[in-house]
2 protein chains.
Amino acid sequence: MTTGADGRGLAGFAALLADPTRAGFCLALLDGRAWTAGELARAAGVAASTASDHLTRLVAGGLLAEERQGRHRYIRLADPGVAQLVEELAARAPTPATPPRTLRAASEGAALAYARTCYDHLAGRLGVLLHDALLTRGVLDRSGGLALTGTGVTWLAGLGVPVEPLRATRRPLVRDCLDWTERRPHLAGAVGAALCGRFLDLGWTVRGTGRAIRVTPAGRDALAETLGLDPALLAPPASRGSGPARA
Amino acid sequence: MTTGADGRGLAGFAALLADPTRAGFCLALLDGRAWTAGELARAAGVAASTASDHLTRLVAGGLLAEERQGRHRYIRLADPGVAQLVEELAARAPTPATPPRTLRAASEGAALAYARTCYDHLAGRLGVLLHDALLTRGVLDRSGGLALTGTGVTWLAGLGVPVEPLRATRRPLVRDCLDWTERRPHLAGAVGAALCGRFLDLGWTVRGTGRAIRVTPAGRDALAETLGLDPALLAPPASRGSGPARA
DNA sequence: GGCACGGTTCGGGCCGCGCCGAAGAGTCCG
DNA sequence: CGGACTCTTCGGCGCGGCCCGAACCGTGCC
């Protein structure tokens, strides 16, 4: 009576992410960098032996990839598709029901809501603003699915991002990625990744702690000029008080 | 040291799919129809009480939606996004390692590989052929992300599928969906769903058992004429022998 | 060589989860 | 009303998972 595939394959795969420790590993790795096994163990608060076991399973399941160097075991997400998958699942998961307990945690949360990397592209308020600006500027078009326009190609070239090399990859040029703080789409795909990297190269943005991204004063000016982004909206998260409170 | 969100939210959500029975429910519901709790229980081979418990959790988790009618509890996927998520996870999951044991199962597998619904759009060999034909005909364009072209809009209108109503939905017009038998993309999104429904309305396709789809003789002619699909490639799965063996 | 360090392997304990059957609540029908 | 049916609730059982600490291996440094 069981027509076709039973759920064992899917269940086994989903089980990889169904453990808080393993899920925490994947979320940490969403910053796009390679972590050592020990770093991940400490970040998750488990013994090294526990982490080692989990990592072996995640690698075997195709979610993570490893690279051994000397006595270190470097771990990263297997490919951008995994990052997308994890982000989508995280976006659908009910909030961890853990309101920030400490001031430090609250300010970290604000910094992440302001701007962060989502694997290799920009997310948070900055990511959504960028996405919207690219649409109004005609770099992107949404009349029939999200697509990069001809003017978009030249605009990118002017910014120092040639599009042709990006076409060579198997990755879609542009793609929606649901932002879990803004609950609205931001730009992913090869172009999203290239833009994120280019902004860093140009010094418009710099990496903060963890996945956090900060916009430099020069970046604020440049984004206002090239994309018409309101510098006021790009103001960094209020250190105290003046910013709108967020539940 | 744990910057930002821990993995509990994600893990709890993934755990919903990490059980073979629950995963089987979701896979069965990928046919886009509403099943009763009892039907799902029988299909999965568990007691009604067990299924009831699982379904309650899946509904609470936002993966499924229920509708109570009299003494029946109708269950369907919560929204198309869930279908996409489940398909993506299933596509990445290693094959269930269950080569078909019976002749009946083998022929069912062949029928599904030939053509099936993927929630509400077409998948399988037919789905991939359709996707490719739409690209070569200029209905879709992939030069910068997957998009519906202007000629595509008129082509759809000629087929009796007005695009304007589709724009009203929050759903993307066109979207890639990775086919788990062909390992290549087919067309999803609002247009993919509309095309699938239109083909059924026109009598070009009919539903088989489960998620299987069959192409009628009239449908073969029509698809050849309007899209240039080779009728030979649309031949139904060989009942025995002559078809290419598939691992 | 000696030591510190990162990672892995192994054994054991514990908690949670999935399963069932039996009993009960609600619905439809004769 | 009484019977058939669907679904739910509740105990109880058993397996499998997650975790740790201790011992072990390999690397890099002094």
Side-chain angles (χ1 to χ4, degrees), chain A residues 1-2 6-29 33-61 63-76, chain B residues 1-2 6-29 33-61 63-76 93 97:
Chain A
M1 198 59 67
T2 61
D6 61 274
R8 279 178 296 171
L10 172 55
F13 187 72
L16 292 175
L17 289 169
D19 174 80
T21 302
R22 287 196 295 268
F25 288 173
C26 293
L27 289 176
L29 290 165
R33 290 184 271 203
W35 295 47
T36 67
E39 286 169 347
L40 287 169
R42 279 188 297 278
V46 295
S49 58
T50 304
S52 175
D53 207 5
H54 285 313
L55 291 175
T56 302
R57 292 168 63 178
L58 287 167
V59 169
L63 280 171
L64 305 185
E66 68 182 11
E67 208 165 331
R68 311 238 177 188
Q69 276 183 23
R71 56 184 172 185
H72 292 282
R73 182 190 194 181
Y74 285 98
I75 302 280
R76 55 179 172 80
Chain B
M1 199 61 64
T2 60
D6 61 276
R8 280 178 295 170
L10 171 56
F13 187 72
L16 292 174
L17 290 168
D19 173 79
T21 302
R22 286 195 295 267
F25 287 172
C26 294
L27 290 177
L29 291 165
R33 290 184 273 202
W35 295 47
T36 67
E39 285 169 347
L40 287 169
R42 279 188 296 277
V46 295
S49 59
T50 303
S52 175
D53 207 4
H54 284 314
L55 291 174
T56 301
R57 292 168 60 175
L58 287 167
V59 169
L63 279 172
L64 305 184
E66 68 182 13
E67 207 164 331
R68 311 240 177 186
Q69 277 183 22
R71 56 184 170 183
H72 292 283
R73 181 191 195 181
Y74 285 98
I75 301 279
R76 55 178 172 78

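Below, chain A is the first sequence line, B the second, and so on; all start at residue 1.
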Practice problem: Take atom CZ of A:Arg71 and atom P of C:dG6, then tell me their distance rounded to the nearest Å. | Solution: 7 Å
Quiz item: Rounded to the nearest 0.5 Å, how far apart are CG of A:Leu29 and CG of A:Leu55?
Solution: 8.0 Å
Exercise. Tell me what A:Ala47 touches on the nucleic acid: a base, only sugar-phosphate, or nothing, going by heavy atoms under 4.0 Å.
Key: sugar-phosphate
Quiz prompt | Given C:dA22, D:dG21, C:dG18, the nucleotide with the shortest approach to the side chain of B:Ser49 | solution = C:dA22
Exercise. Give the rounded distance in Å between these two atoms: CH2 of A:Trp35 and C1' of C:dG6.
Key: 17 Å
Quiz item: Among C:dG7, C:dG18, C:dT8, which is the nearest nucleotide to the side chain of A:Thr36?
Solution: C:dG7
Exercise. Can you measure from OH (B:Tyr74) to CD (B:Glu39) and round to the nearest 0.5 angstrom?
Key: 7.5 Å
Exercise. With heavy atoms under 4.0 Å as the rule, sort A:Ala48 into base, sugar-phosphate or nothing.
Key: base
Self-check item: side-chain N/O B:Arg68 vs D:dT8 OP1/OP2, d < 4.0 Å
Solution: yes
Quiz item: To the nearest Å, how far apart are B:Arg57 CZ and D:dT9 P?
Solution: 14 Å
Practice problem: Could you tell me whether A:Asp53 contacts a base, only the sugar-phosphate backbone, or nothing, with contacts defined as non-hydrogen atoms closer than 4.0 Å? | Solution: nothing
Quiz item: Just how far, in rounded Å, is P of C:dT9 from CG of A:Leu55?
Solution: 12 Å
Quiz item: In whole angstrom, what separates A:Glu39's CD from C:dC5's P?
Solution: 16 Å
Quiz item: Taking for each residue the nucleotide of DNA chain D with the nearest heavy atom, is it A:Ala18 or A:Gln69 whose nucleotide lies nearer the 5' end?
Solution: A:Ala18
Practice problem: Walk me through it: do B:Phe13 and A:Leu17 pass the test side chain to side chain contact (heavy atoms under 4.5 Å, CB included)? | Solution: CA-CA 9 Å; B:Phe13 187 72; A:Leu17 289 169; over 6 Å; no
Quiz item: Given the rule in the side chain to side chain contact (heavy atoms under 4.5 Å, CB included) test, do A:Arg73 and A:Thr56 qualify, once you have shown the distances and angles that lead to the verdict?
Solution: CA-CA 11 Å; A:Arg73 182 190 194 181; A:Thr56 302; 3.4 Å; yes
Practice problem: Using a 4.0 Å heavy-atom cut-off across all strands, classify B:Thr56 as base, sugar-phosphate, or nothing. | Solution: nothing
Practice problem: Compute the angle between the rotation axes at the two ends of the helix from C:dG1-D:dC30 to C:dG30-D:dC1, each taken over five pairs, rounded to 10 degrees. | Solution: 30°
Quiz item: Within this structure, what is the CG-to-P distance between B:Asp19 and C:dG16, rounded to whole angstrom?
Solution: 18 Å
Quiz item: Counting only N and O atoms by type, is there a donor-acceptor contact under 3.5 Å from the side chain of B:Arg22 to the main-chain atoms of B:Leu16?
Solution: yes
Exercise. Would you please confirm or rule out a distance under 4.0 Å between OP1 or OP2 of C:dC19 and any side-chain N or O of B:Thr50?
Key: no
Quiz prompt | Pairwise distance CD(A:Glu67) to OG1(A:Thr36) - rounded to 0.5 angstrom | solution = 13.0 Å
Quiz prompt | B:Ser52 side, atom OG; B:Arg57 side, atom CZ - distance, nearest 0.5 Å | solution = 12.0 Å
Practice problem: To the nearest Å, give me how far apart NE2 (A:His54) and C1' (C:dT8) are. | Solution: 14 Å
Quiz prompt | Spacing between B:His72 atom NE2 and C:dC29 atom P, to the nearest angstrom | solution = 9 Å
